[in-house]
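Worksheet: one structure, shown below.
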Amino acid sequence: MNPGEREPLAGGDAAARQPDIPREIVQAACPHDCPDTCAMQVTVERHGERRIAIKIAGDPHHPPTGGALCTKVSRYLERTYHADRVLTPLRRIGRKGAGRFEPVSWDRALDEIAQRLGAIASRNPEAILPYSYAGTMGLVQGESMAQRFFNKLGASRLDRTICSEAGSQGLRHTLGASVGMDMEQFENSRQIIFWGTNAVGSNLHLWSRAQEAKRRGARLIAIDPYRSLTAERCHEHIAPLPGTDGALAFGIMHVLIREGWLDRDYIERYTLGFAALAERALAYDPERVAHICGIGAGTIERLAHDYWQIRPTAIRLNYGIQRTRGGGNAVRAIACLPALAGHWRDPAGGLLLSSSGTFQVNHEALERPDLLAGRTPRTLNMSAIGDALLHAAPAVEAVIVYNSNPVAVAPQSGEVARGFARDDLFTVVLEHFQTDTADYADIVLPATTQLEHVDVHLSYGHLYQLANNPAIAPLGESLPNTEIFRRLAQSMGFDDPCFVETDESLAASAFHSCGASPYDWERLRRDGWQRLDLPQPYAPFAEGKFPTPSGRCEFTSERLAAQGHDPLPDFIAPFESMQSSPELAARFPLAIISPPARNFLNSSFVNVVSLRDTEGEPHLELHPQDAAARGIVEGDRVEVFNDRGSFMLRARVSEKARPGVVVALSIWWKKLAADGKNANEVTSQRLTDLGGGATFYDCLVEVRMAGSGTARVSSA
Ligand SMILES: Nc1nc2c(c(=O)[nH]1)N[C@H]1C(S)=C(S)[C@@H](COP(=O)(O)OP(=O)(O)OC[C@H]3O[C@@H](n4cnc5c(=O)[nH]c(N)nc54)[C@H](O)[C@@H]3O)O[C@H]1N2
Ligand SMILES: Nc1nc2c(c(=O)[nH]1)N[C@H]1C(S)=C(S)[C@@H](COP(=O)(O)OP(=O)(O)OC[C@H]3O[C@@H](n4cnc5c(=O)[nH]c(N)nc54)[C@H](O)[C@@H]3O)O[C@H]1N2
Ligand SMILES: [Mo]
């Protein structure tokens with residue numbers, strides 16, 4: 001199917017108001033991978049049997065959402081009714097990657113899949129691999145029926161590490177779980193440190209709270225190698241080299257300890273391992289840290305001073321911090337700070353990386369691990385899917401992709417595409433659109449969007465459960481992921497009753513009760529959202545109560561020691577940097593980071609024309625010094641390259657990028673870029689210190705004018 005071949009499907013703003021058409025408002029939830037998880041209201045018109053969504057808005061009553069949706073999700077109707085929606089099952093007729101398909105019936109598609117998977121499973125079910133991530137964050141359309149299917153099959157398991165695993169492990173081994181401050185408290189903070197997060201782009205509703213804090217006199221600081229939209233709007237921007245945040249945290253600790261700026265009572269009562277941590281911090285004097293981070297020693301002194309003096313201080317950490325080799329340890333080191341200074345005592349002080357651990361998800365009920373029946377299939381890491389497809393033994397013979405677009409988003413994309421291009425690999429992709437990954441499928445199956453199915457959500461940025469009621473019927477022949485897996489199960493002859501459970505029933509079993517109030521799906525779906533039963537105001541660690549084995553904030557972790565890790569956090573230098581790999585840096589002297597573009601959600605929305613037009617074309621931001629050294633000026637077409645690959649973009653020269661670091665806002669669909677490539681051509685499949693996470697921002701490259709054989713060195 002060629003993009004633009006069809007007219008947009010009826011719906012959206014095209015439907016002009018006629019007074020006699022009945023309307024209703026459907027309570028929904030944003031499904032996207034974003035900490036804000038907004039409550040939404042969808043206005044639907046009823047035209048006889050047919051329901052058409054005509055408007056989408058933020059729920060004004062839901063405190064985190066406050067009636068506002070981001071630009072992207074305001075366009076959700078445009079996405080749902082997009083002319084390029086995949087609306088029937090498709091079967092590949094061209095070579096893998098070419099994107100040529102023909103429609104087939106559901107029966108034919110399911111028969112072919114069942115036959116292929118059945119044959120592979122009869123030899124070795126571990127040769128089948130699911131590949132999924134957070135295209136939807138819904139607990140029902142995510143890993144419920146899908147996981148049951150793979151458990152029953154005994155397929156290889158997927159370690160879902162691509163985004164947050166390093167940081168989650170860092171939190172787990174320091175605070176005990178992914179638990180932190182209530183985002184609704186940020187407006188009461190006196191100082192907010194945005195550490196490795198572009199909240200304006202990726203956490204808009206927390207940013208609004210920070211704006212309120214600013215109006216009340218709070219100081220805002222950004223720690224980011226790039227002058228992001230957020231850094232631009234803070235009082236101070238500190239720009240360390242990528243992957244050096246662990247050192248910076250130790251520099252702050254060094255000054256706090258040297259000056260005695262410590263909440264000794266809090267440390268005594270609620271922490272473990274202070275003496276050992278203090279000894280380690282001794283080695284990180286500001287001069288040394290300044291050299292590692294590429295910032296001034298005075299900046300570190302002042303940061304520590306203000307961190308102690310200005311109370312309460314909140315640290316908003318986000319996952320941008322942990323996409324380098326030492327990401328897990330960096331999160332550990334930073335997570336020690338609020339306990340040292342006693343900021344947890346105040347609800348508006350402390351730290352927030354993720355709140356997801358506050359929710360009690362009933363994974364057993366949803367995913368039914370008992371269907372494994374005692375088998376423990378191997379686990380393959382999604383952050384090294386290229387290697388897995390090319391080199392795993394026994395070989396992966398079939399991949400079922402849903403809620404993800406690995407050919408665009410996974411690191412070292414050349415290897416990923418080579419893996420998916422294998423002629424002996426059978427690939428099924430459940431999708432809304434003909435993505436870069438869908439182009440490699442043998443069979444594409446049409447999935448419903450959030451407007452067309454039921455779901456239930458937690459949030460990793462606030463403290464509310466949310467319900468998503470379907471607003472309209474599935475478009476074309478599309479089906480919810482759950483229904484696709486139900487039908488696949490039936491085609492495979494899986495007759496366990498759990499394969500006929502409805503989405504409603506799944507939603508009703510998604511959570512354990514929290515606190516005194518039982519989880520009540522019927523009430524949730526009626527009201528749309530429900531705050532967890534937690535004290536108001538919520539200060540999770542004001543009196544310790546860390547969910548660690550010791551019940552304390554663990555500066556030293558026995559659990560990590562038992563796994564063969566350093567029990568204390570430390571600074572772990574990037575795999576690729578001027579300081580840690582000088583030989584590599586001689587050939588590839590620039591560090592590249594590729595954080596999310598504001599108008600995309602990972603690779604979702606890149607095909608929504610109005611949003612893509614706002615982002616323009618893929619561009620590379622370079623500091624004037626780095627540009628001049630290569631004879632590059634604003635608007636030049638440049639090529640970024642290293643030993644793993646290359647891709648092309650338009651140069652933007654400004655001081656937003658710090659010297660030595662170039663920035664390519666992402667994640668573009670490869671096929672919507674002029675050269676058919678994106679930033680993941682150059683990223684590597686190496687993994688983080690903890691959790692086996694991806695290291696997207698640990699990457700050295702060189703940049704040259706497109707078409708030139710070598711970097712053009714100017715005499716200026
Ligand atoms: N608009 C939009 N929102 C999104 C997403 C999206 O694609 N678009 N993606 C969603 C997803 S999946 C996630 S995980 C979250 C991510 O949310 P965040 O982790 O907040 O991600 P970013 O907004 O990219 O912010 C990361 C920032 O970290 C900076 N950075 C890169 N490397 C380093 C480093 O080594 N140290 C420090 N201190 N900073 C560094 C980048 O320049 C960038 O400005 O956002 C979610 N929200
Ligand atoms: N270079 C670089 N690469 C990165 C990152 C980066 O910052 N830089 N960020 C990384 C991060 S943090 C993440 S989380 C990953 C994200 O990677 P992914 O989780 O793969 O996210 P998306 O690219 O948004 O792709 C999700 C796909 O799921 C589909 N989808 C949505 N809802 C449904 C549904 O209900 N059913 C089905 N079947 N499909 C659905 C969408 O159409 C979309 O194509 O990318 C990572 N890759
Ligand atoms: Mo992510």
Side-chain angles (χ1 to χ4, degrees), residues 26-42 56-59 61-66 68-70 72-73 76 80 132-147 160 163-164 178-179 182-184 202-206 354-363 365-367 402-404 447-471 480-482 502-514 517 519-534 601-602 604:
V26 176
Q27 199 66 42
C30 177
H32 284 291
D33 188 352
C34 166
D36 294 17
T37 315
C38 289
M40 310 196 294
Q41 297 187 327
V42 185
I56 192 160
D59 182 338
H61 305 292
H62 179 233
T65 307
L69 293 181
C70 66
K72 307 173 290 296
V73 177
Y76 201 78
T80 290
S132 68
Y133 202 61
T136 169
M137 296 283 293
L139 296 171
V140 175
Q141 304 305 334
E143 307 306 330
S144 67
M145 203 52 83
Q147 202 53 52
R160 292 181 173 78
C163 170
S164 59
S178 292
V179 172
D182 181 351
M183 63 82 81
E184 293 175 57
S202 62
N203 192 189
L204 189 63
H205 298 79
L206 183 127
S354 167
S355 59
S356 65
T358 323
F359 297 82
Q360 308 295 320
V361 178
N362 191 347
H363 290 292
L366 291 169
E367 301 176 11
Y402 53 103
N403 302 339
S404 187
T448 46
T449 71
Q450 189 79 341
L451 298 189
E452 302 151 76
H453 56 226
V454 175
D455 221 322
V456 65
H457 290 255
L458 54 72
S459 165
Y460 63 95
H462 62 65
L463 300 170
Y464 295 76
Q465 297 167 330
L466 300 95
N468 184 70
N469 294 290
N481 290 342
T482 41
T502 63
D503 286 4
E504 295 286 338
S505 169
L506 286 164
S509 70
F511 290 106
H512 296 289
S513 296
C514 167
S517 72
Y519 167 59
D520 180 347
W521 164 245
E522 285 307 324
R523 190 184 60 190
L524 187 66
R525 71 173 314 178
R526 187 195 65 217
D527 298 346
W529 44 268
Q530 168 74 48
R531 192 178 151 95
L532 293 177
D533 186 21
L534 297 168
L601 196 297
N602 300 321
S604 298

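When reading the values below, keep in mind they use all heavy atoms of this one structure, side chains included, and skip hydrogens, waters and symmetry mates.
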Where [X] and [Y] come nearest, the two heavy atoms and their spacing:
X	Y	value
His205	Ala68	NE2-O, 2.6 Å
Glu367	Glu143	CG-O, 2.8 Å
Leu524	Ala467	O-CB, 3.5 Å
Gly58	Leu69	N-CG, 3.3 Å
Ala471	Val42	CB-CG1, 3.8 Å
Ala29	Asn468	N-OD1, 3.0 Å

Can you tell me if [X] uses its side chain to pair, donor with acceptor, with the backbone of [Y] under 3.5 Å?
X	Y	value
Tyr76	Gln450	yes
Asn481	Ala447	no
Ser178	Ser355	no
Asn602	Ser604	no
Thr65	Ala39	yes

task = Kindly indicate, with the supporting measurements, whether the criterion side-chain contact (heavy atoms from CB on, under 4.5 Å) is fulfilled by Thr482 and Ser144.
result = CA-CA 7 Å; Thr482 41; Ser144 67; 3.8 Å; yes
Is the shortest heavy-atom distance from the side chain of [X] to the side chain of [Y] under 4.5 Å?
X	Y	result
Val73	Met40	yes
Cys38	Asp59	no
Tyr464	Leu532	no
Thr37	Leu458	no
Met137	Cys34	no
Gln27	Leu466	no
Gln141	Tyr402	no
Gln360	Tyr519	no

Return the [atom1] to [atom2] distance between [X] and [Y], rounded to the nearest 0.5 Å.
X	Y	atom1	atom2	value
Arg525	Gln530	CZ	CD	15.5 Å
Leu534	Asp182	CG	CG	8.0 Å
Trp521	Phe511	CH2	CZ	9.5 Å
Gln465	Asp527	CD	CG	11.5 Å
Asp533	Leu463	CG	CG	11.5 Å
Leu366	Ser509	CG	OG	5.0 Å

message = According to salt bridge (Lys or Arg N to Asp or Glu O under 4.0 Å), does anything in residues 453-465 pair up with another residue at least two apart or in another chain? List the pairs.
response =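 Sorted result for residues 453-465: empty, none.
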Distance-only donor-acceptor check, side chains His453 and Thr448, under 3.5 Å =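 Present: a donor and an acceptor within the cut-off.
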message = Using 30° and 60° as the class boundaries, would you call the ring planes of His62 and His462 parallel, tilted or perpendicular?
response =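 Because their plane-to-plane angle is over 60°, the rings of His62 and His462 count as perpendicular.
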